[in-house]
K.L.:
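Right, I'll just put the structure down here and ask away after.
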2 protein chains.
Amino acid sequence: MTTIKDVAERAGVSIKTVSRVLNEEPHVRAQVKERVLEAARELDYKPNRAASRLAGGRSFLIAHLYDNPNPSYISALHIGAARRCRELGYHLVVEPVNSQDKDLLGLVRRLFATIAPDGILLSPPLSENTEFVESVRQLGGRIALISATHGDEWTHISTDERGASKAIMAHLLGLGHRRIGFVRGHPQHFGATLRYDGYCQSLVEAGLELEPALVAQGYFDLQSGLEATRSLLALPERPTAIFASNDEMAVGVLMAAREFGLNVPEDLSIIGFDDTPMSRLISPALTTVRQPLEAMGAAGVETIVSPDKAPRDYLDFEIILRDSCAPPRG
Amino acid sequence: MTTIKDVAERAGVSIKTVSRVLNEEPHVRAQVKERVLEAARELDYKPNRAASRLAGGRSFLIAHLYDNPNPSYISALHIGAARRCRELGYHLVVEPVNSQDKDLLGLVRRLFATIAPDGILLSPPLSENTEFVESVRQLGGRIALISATHGDEWTHISTDERGASKAIMAHLLGLGHRRIGFVRGHPQHFGATLRYDGYCQSLVEAGLELEPALVAQGYFDLQSGLEATRSLLALPERPTAIFASNDEMAVGVLMAAREFGLNVPEDLSIIGFDDTPMSRLISPALTTVRQPLEAMGAAGVETIVSPDKAPRDYLDFEIILRDSCAPPRG
DNA sequence: GTGAAAGCGCTAACAC
DNA sequence: GTGTTAGCGCTTTCAC
């Protein structure tokens with residue numbers, strides 16, 4: 001096993017100098033630096049991170065604490081985060097938890113005591129629990145939040161969900177829809193609020209009335225989307241399009257449409273949000289919004305590793321046009 | 001920060017004794033052991049794993065190397081594995097990779113050199129690449145394989161996929177189906193072969209002919225399921241039921257049925273495999289097989305942490321009866 | 001700009 | 001059974 005000593009010997013310098021070079025600290029002549037780097041390369045030297053950590057340095061571990069019922073969301077985040085970790089010499093530790101757990105903070109404390117991650121990545125709903133986030137922050141260590149909420153410091157990684165909502169509303173309005181129903185998302189989810197905001201603003205800007213009857217509450221699950229839509233379609237003058245705050249509810253919308261004998265998209269256009277794998281599989285395939293989840297996971301890692309280089313702006317969303325929308329009848 | 005020294009002092013013993021107790025080594029009197037445990041509890045002592053590792057002990061890290069296009073599969077594995085890790089004081093490091101990557105072994109080598117996981121968890125397709133598995137094994141460290149293939153040592157965690165296939169075939173035969181089509185899975189996937197085996201055995205045991213024309217090749221993706229089914233349904237005497245080797249292809253089967261103007265399940269019964277979230281969402285909901293993925297993830301961790309206590313048998317599958325099957329017409 | 005020495009918190013080897 | 005001592009491979013002082 002090759003250690004820092006071997007590299008130092010080969011480069012003809014002290015181990016401290018090697019350490020300086022490898023950690024990109026200043027005060028090393030370019031020439032010496034080059035020599036060290038070459039020696040390390042030749043010996044295929046990989047620092048022992050347990051030793052780094054023990055000596056008071058970094059652990060090169062980042063922990064992702066999450067509680068999310070949506071596997072594809074988490075998976076994409078992990079892929080992006082883990083890839084960036086690898087590029088930076090870090091590793092991603094996953095900690096699935098129950099957000100209702102009373103001792104979440106104890107878990108974080110134990111995490112710091114045992115493996116001492118250099119930072120903690122939080123995604124919704126954990127990242128939107130300000131009290132919890134504040135407590136974690138006080139435990140020390142860096143933090144990165146994947147969340148539509150915005151704090152002062154830009155540790156929040158997100159897309160412009162309000163803007164995405166407006167963009168997709170523009171599509172619907174462009175097709176000629178004037179009566180557009182909306183199924184709201186989970187009340188605790190900040191992004192859901194922004195999506196609703198976008199819906200409202202779009203209507204107003206288009207000079208349309210915001211009809212409360214066209215808005216139904218949902219909770220991000222299929223069943224609530226189904227039930228919300230039943231009430232919407234039972235309206236005397238029913239909507240020609242329904243915008244669901246996520247894909248799973250959009251499937252519920254589709255099912256409700258079938259119950260009412262409506263063809264999609266001819267009789268009813270449907271919009272989702274998230275571009276889950278399912279949205280491609282159902283028929284008709286769902287027009288929806290894609291967030292760059294892998295990039296968001298990567299940005300989270302970046303925020304922890306080098307806060308200055310982290311993105312200080314929204315990451316771009318994408319509107320995915322598929323087969324669930326058409327101009328209204330007549 | 002409380003260290004092993006603090007515990008030793010409080011318990012009135014040497015740090016070595018504390019170490020012994022905490023690592024469950026023998027040669028400690030029950031009384032002393034109790035005293036140490038109590039001191040540790042009182043001080044809320046958590047061992048620093050960087051130090052454990054550096055001193056030649058365990059890292060308490062387990063790495064999951066995976067490449068899988070199915071987020072819900074991986075997610076479930078992670079939840080089960082991470083939970084068991086937590087119970088055992090371990091942590092799960094995730095390493096998503098591209099199984100085509102030429103330097104996979106280099107990645108594993110780097111993993112050992114930097115964070116030195118106590119074991120590596122492999123899932124398909126990586127776990128079914130015997131050459132790769134052998135190379136990893138030679139790098140040292142323990143290994144756990146989630147895979148339908150069987151080696152001599154029982155490091156392979158799996159359900160009885162052949163048995164599951166036979167169980168679901170029994171359901172179909174019980175409903176009265178005699179012409180049952182089969183869409184095979186990816187040729188490289190060992191589980192897919194077992195599922196096919198089960199199909200064949202079931203037919204033979206029921207005294208039915210194995211008709212090659214009723215078997216079509218698929219590759220686990222929706223499109224291949226769709227195309228395979230087109231050929232099956234174009235047969236002069238078409239099947240009354242189709243068993244797809246996974247859920248995604250089963251969705252393809254459903255789409256093909258619609259193309260042919262067939263009602264499911266009245267005109268065609270459909271069976272899937274995996275119980276992905278989607279199987280509940282499509283209409284009709286899919287009858288399928290569920291593997292205990294969380295338990296399999298947990299078993300993988302167990303295999304690494306205490307090989308003797310690891311399960312040496314199949315984990316139980318479950319047949320999920322939903323709405324995609326009915327007796328054949330006439 | 002570079003190096004020598006100390007020590008992080010634990011486990012292993014070996015004494016008692 | 002239990003304790004003593006010597007590191008593990010780094011980073012951090014603090015000299016020079």
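Order of the sequence lines sets the chain letters (A, B, ...), proteins ahead of strands, with each chain counted from 1. Keep in mind the model is a prediction, meaning the values are calculated, not measured.
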K.L.:
Heavy-atom contacts under 4.0 Å between residues 37-49 of chain B and DNA chain D, which residues?
P.N.:
none
K.L.:
Any chance the rings of B/His78 and B/Tyr66 have centres within less than 6.0 Å?
P.N.:
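Under 6.0 Å, so yes.
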K.L.:
Pick out the pairs of N or O atoms, protein on one side and nucleotides 2-4 of chain D on the other, that lie under 3.5 Å.
P.N.:
from  : atom 1 : to      : atom 2 : distance (Å)
D/dT2 : OP1    : B/Arg29 : NE     : 2.9
D/dT2 : OP1    : B/Arg29 : NH2    : 3.0
D/dT2 : OP2    : B/Arg29 : N      : 2.7
D/dG3 : OP2    : B/Ser14 : N      : 3.0
D/dG3 : OP2    : B/Ser14 : OG     : 3.2
D/dG3 : OP2    : B/Thr17 : OG1    : 2.5
D/dG3 : N7     : B/Arg20 : NH2    : 2.9

K.L.:
With respect to the phosphate group of D/dT11, does any side-chain polar atom (N or O) of A/Ser19 fall under 4.0 Å of OP1 or OP2?
P.N.:
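Looking at the OP1 and OP2 atoms of D/dT11, one of them is under 4.0 Å from a side-chain N or O of A/Ser19.
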K.L.:
What's the spacing between B/Phe132 CZ and B/Leu126 CG if we round to 0.5 Å?
P.N.:
5.5 Å
K.L.:
Given the side-chain rings of A/Phe190 and A/His156, with only the six-membered ring counted for Trp, is the space between their centroids under 6.0 Å?
P.N.:
no
K.L.:
OG of B/Ser158 to CG of B/Leu315: how many Å apart, nearest 0.5 Å?
P.N.:
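Here the rounded value is 7.5 Å.
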K.L.:
About how many Å separate CZ of B/Arg10 and CZ of B/Arg35, when rounded to the nearest 0.5 Å?
P.N.:
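Between B/Arg35 CZ and B/Arg10 CZ, I get 12.5 Å after rounding to 0.5 Å.
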K.L.:
Determine whether more than 12 heavy atoms belonging to other residues, nucleotides or ligands lie under 6.0 Å from atom CD of A/Glu131.
P.N.:
no
K.L.:
End-to-end bend of the helix from C/dG1-D/dC16 to C/dC16-D/dG1 (five-pair axes, 10° rounding)?
P.N.:
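It works out to 30° between the end axes.
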K.L.:
Counting only heavy atoms not in A/Lys16 (residues, nucleotides, ligands), do more than 12 fall under 6.0 Å from its NZ?
P.N.:
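Check passes, neighbour count above 12.
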K.L.:
Run through A/Leu107, A/Val108, A/Asp67, A/Leu104 and flag the one making a side chain to side chain contact (heavy atoms under 4.5 Å, CB included) with A/Glu95.
P.N.:
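Single side chain to side chain contact (heavy atoms under 4.5 Å, CB included) partner of A/Glu95 among A/Leu107, A/Val108, A/Asp67, A/Leu104: A/Leu107.
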K.L.:
Side chains of B/Glu134 and B/Thr130: is there a donor and an acceptor less than 3.5 Å apart?
P.N.:
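The criterion, which ignores hydrogens and geometry beyond distance, is not satisfied for B/Thr130 and B/Glu134.
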K.L.:
Quick check on A/Gln188: does its CD atom have over 12 non-hydrogen neighbours (other residues, nucleotides or ligands) under 6.0 Å away?
P.N.:
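No, CD of A/Gln188 has 12 or fewer neighbouring heavy atoms, counting only those of other groups under 6.0 Å.
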